[in-house]
Amino acid sequence: MLKIYNSLTREKQEFVPITPGRVRMYVCGMTVYDYCHLGHARVLVVFDMVQRWLRASGLEVCYVRNITDIDDKIIKRALASQESISELTSRFIRFMDEDAVALGVEKPDHEPRATEYIPQMLELIGRLEKNGLAYRAAGGDVNFSVRKFPGYGKLSGKSLDDLRAGERVEVDAGKEDPLDFVLWKHARQGEPFWPSPWGEGRPGWHIECSAMSSELLGTHFDIHGGGQDLQFPHHENEIAQSEGAHRGRFVNYWMHNGFVRVDDEKMSKSLGNFFTIREILEKYDPEVLRFFILRAHYRSPLNYSDRHLDDARQALSRLYTALKTVPGAIVAIDWNERHAQGFRKAMDDDFNTPEACALLFDLAAEVNRSHSSQLASQLRSLAGLLGLLQRDPQVFLQATPVDGGEISAARIESLLAERMAAKQRRDFAAADGIRNQLRAAGIVVEDGAGGSTWRRA
RNA sequence: GGCGCGAUAGCAAAGCGGUUAUGCACCGGAUUGCAAAUCCGUGUAGGUGGGUUCGACUCCCGCUCGCGCCUCCA
């Protein structure tokens, strides 16, 4: 039985879908004005893992991850780079797709773009106005009135008065309450706009997700996810909008993944301490990055450093080494087997991937001991539920670095042949010389019963 | 200032009121021409002060330190 930590109730709860056997899940995706960084990688991988486990549990999943393709920063960037907004956003959507594919992230069932849902947003704003929750401000914006929505703050655990006390930000003059947020921004010079009953303008950020989720998943759905930093105000505002407009429950389970940190500080655009996914992939295999993310629990902070990725690479190599020795097929998992049972128990406990990974290592040790191809297949198939270990072990272990490496595979093979000849005439000095030469070039030679193999250190 | 999260061995990271987490690194042994890989084994933990308990890393309270949100952010 699956349990999920619900940010709304602050406890692990048994997961009961609204419609038996079916899950509707929405995750806040990217605002596409720049390359994805490691924080984005974490959201992509974490909710991909969630989605995979829900399906593996026999549930039919409808997974929606949106794309914000209109927003202040996008407009600013497009201006700066002298290109149209759609040129800019489609470029970065393409980069995002490439990153996601590299990380083994499966396509969501829907990837709605905000600009394609303007009518739904207008409809929603209209409902909010009719329900007395939205008002036209002096400057021409339409704002949401937080004081009129009872329960504002229930997700983030904040009270309006505490928030007001902590207010340190310049307040827009048109707001009745400093915490009111904009639903529709009136058109400004040189910015894109759409017609609306409230005049030409463009949507506020928060209304986008409310509109896209209700259009694709209905007004009440099972899981809503995103990064921890979206809990307030973004998700709080989504609740206010969606429940305020439809007068009913919005989301049953809220899931928030922890931050990626650098030197114990949050990695973020505003702090400027971020690493892009493609930067990391210049040095590390994408599967290493995926494994690095999944070997920590999704709610814990994840500290990034080269050292930790090196560590993850070594660990993943251990799993692939077991499969190199005893090839495993991708098969139906034997859920009665001990490791599979532990794996399921871990995953059912709020997606405890570190525990699930530990089971994979136990299983790998068992494979090494027993040389059982059944267990190797079990290992490969279980890991597949996390999107890991699906490649040919040799391909992983011998993968050529982006910089090309110091030595080509062909050169390695020819040196190994030379070394084999030296070994056969028992000229160990020559054989060891070649091995040392390879070692210096980052290649580890391993002699086995069936000859020598190599891998990158 | 308000609200919240965390502190586990050299590093990373989980579960668990009493019995080996796991990975990397390290040490001893087996194996190997020597290595590597693998196997076997040892060692290194639970911020701090109290409390509850037969027994606490695990529950409760205080303290210290770290982090996050309160503003765009995954």
Side-chain angles (χ1 to χ4, degrees), chain A residues 7 10 27-31 36-47 65 71-73 153 156-159 161-171 178-179 205 225-234 236 256-261 264-271 274 291-292 295-297 299-303 305 307-319 321-322 324-325 342 345-346 349 352-362 364-365 367-369 371 397 423 426-429 431-432 435-436 439 443-449 452-455 457:
Chain A
S7 306
R10 287 157 214 283
V27 170
C28 289
M30 261 49 83
T31 301
C36 292
H37 59 63
L38 260 189
H40 299 120
R42 195 173 192 191
V43 189
L44 290 170
V45 168
V46 160
F47 288 100
R65 192 186 64 222
D71 132 297
D72 291 1
K73 284 178 180 164
S156 50
K158 298 175 190 305
S159 84
D161 296 314
D162 290 344
L163 284 165
R164 168 166 272 177
E167 183 64 54
R168 279 180 299 186
V169 183
E170 258 186 82
V171 177
L179 290 160
W205 176 42
Q228 221 160 47
D229 46 357
L230 298 188
Q231 191 167 348
F232 189 92
H234 184 55
E236 195 70 62
H256 292 99
N257 65 274
F259 295 127
V260 176
R261 296 188 193 171
D264 281 315
E265 244 189 359
K266 176 184 170 182
M267 176 184 291
S268 75
K269 293 269 175 85
S270 29
L271 288 172
F274 62 91
F291 174 72
F292 170 69
R295 92 209 277 233
H297 187 84
R299 285 191 280 117
S300 305
L302 180 61
N303 241 319
S305 75
R307 185 184 175 179
H308 297 156
L309 279 191
D310 287 335
D311 186 89
R313 199 182 95 78
Q314 288 303 115
L316 191 56
S317 295
R318 177 172 166 79
L319 296 179
T321 300
K324 179 184 130 189
T325 315
K345 182 166 172 275
D349 182 17
N352 191 339
T353 53
E355 183 72 23
C357 286
L359 266 303
L360 297 182
F361 284 97
D362 286 343
V367 167
N368 286 330
R369 277 190 292 266
H371 286 76
L397 294 167
K423 275 184 69 174
R426 300 194 66 78
D427 182 355
F428 294 120
D432 292 353
R435 188 170 61 198
N436 291 339
R439 184 61 248 217
I443 303 301
V444 178
V445 176
E446 294 172 349
D447 294 346
S452 300
T453 57
W454 63 274
R455 65 184 164 88

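Throughout, a chain's letter reflects where its sequence line sits, starting with A, and its residues are numbered from 1. Computed from a predicted structure; not experimentally measured.
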Got a list of protein N/O to nucleotides 26-32 of chain B N/O distances below 3.5 Å?
none

From the set [options], return the single nucleotide nearest to any side-chain atom of [X].
X: A:His308; options: B:C11, B:A74, B:U38; result: B:C11
X: A:His297; options: B:C34, B:C73, B:A14; result: B:A14
X: A:Leu179; options: B:G33, B:C11, B:U71; result: B:U71
X: A:Thr321; options: B:G33, B:U38, B:C73; result: B:U38
X: A:Arg307; options: B:C67, B:C11, B:A74; result: B:C11
X: A:Lys158; options: B:G33, B:G2, B:A74; result: B:G2
X: A:Arg426; options: B:C11, B:G33, B:C69; result: B:G33
X: A:Arg435; options: B:C67, B:A74, B:C34; result: B:C34

Is there aromatic stacking of A:Phe259 on B:G68 here, judged by a ring-centre distance under 5.5 Å and a plane angle under 30°?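 Not stacked: fails the 5.5 Å / 30° test.
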Within the modelled atom types, does a donor on one side and an acceptor on the other bring the side chain of A:Lys266 and the base of B:C67 under 3.5 Å apart? no
Quick one: does A:Asp432 reach the base of B:G33 with a side-chain donor-acceptor pair under 3.5 Å? yes
Where do A:Met30 and A:Val43 land on the side-chain contact (heavy atoms from CB on, under 4.5 Å) test, with the steps shown first? CA-CA 10 Å; A:Met30 261 49 83; A:Val43 189; 5.7 Å; no
Measure all distances between protein nitrogen or oxygen atoms and nitrogen or oxygen atoms of nucleotides 44-48 of chain B, and list the pairs falling under 3.5 Å.
none

Ignoring backbone atoms, test whether [X] places a side-chain nitrogen or oxygen under 4.0 Å from the OP1 or OP2 oxygen of [N].
X: A:Thr453; N: B:A37; answer: no
X: A:Arg369; N: B:U38; answer: no
X: A:Asn257; N: B:A74; answer: no

Can you name the residues that form a side-chain hydrogen bond (donor to acceptor under 3.5 Å, both in side chains) with A:Glu446, not counting sequence neighbours?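 side-chain hydrogen bond (donor to acceptor under 3.5 Å, both in side chains) check on A:Glu446 returns A:Lys324, A:Arg455.
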For A:Trp454, enumerate each residue passing the side-chain hydrogen bond (donor to acceptor under 3.5 Å, both in side chains) test, keeping only those at least two apart in sequence or located in another chain.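 Only A:Glu413 meet the side-chain hydrogen bond (donor to acceptor under 3.5 Å, both in side chains) criterion with A:Trp454.
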Would you call A:Arg261-A:Asp264 a salt bridge at under 4.0 Å N-O?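 Answer for the salt bridge query: yes.
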For RNA chain B, stems built from three or more consecutive Watson-Crick or G-U wobble pairs below 3.5 Å: B:1-7 with B:64-70, B:10-12 with B:22-24, B:27-30 with B:38-41, B:47-51 with B:59-63
Reading nucleotides 18-23 of chain B from 5' to 3' and marking B where a protein heavy atom lies under 4.0 Å of the base, S where only the sugar-phosphate is that close, and - otherwise, the string is ---BSB
Rounded to the nearest angstrom, tell me the gap between atom NZ in A:Lys73 and atom P in B:C73. 7 Å
Would you mind reading off the distance between A:Glu265 atom CD and B:C67 atom C1', rounded to a whole angstrom?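 Roughly 10 Å, once rounded to whole Å.
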Please report the interatomic distance CZ(A:Phe292) to CG(A:Asp311), rounded to the nearest 0.5 Å.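 Here the rounded value is 9.5 Å.
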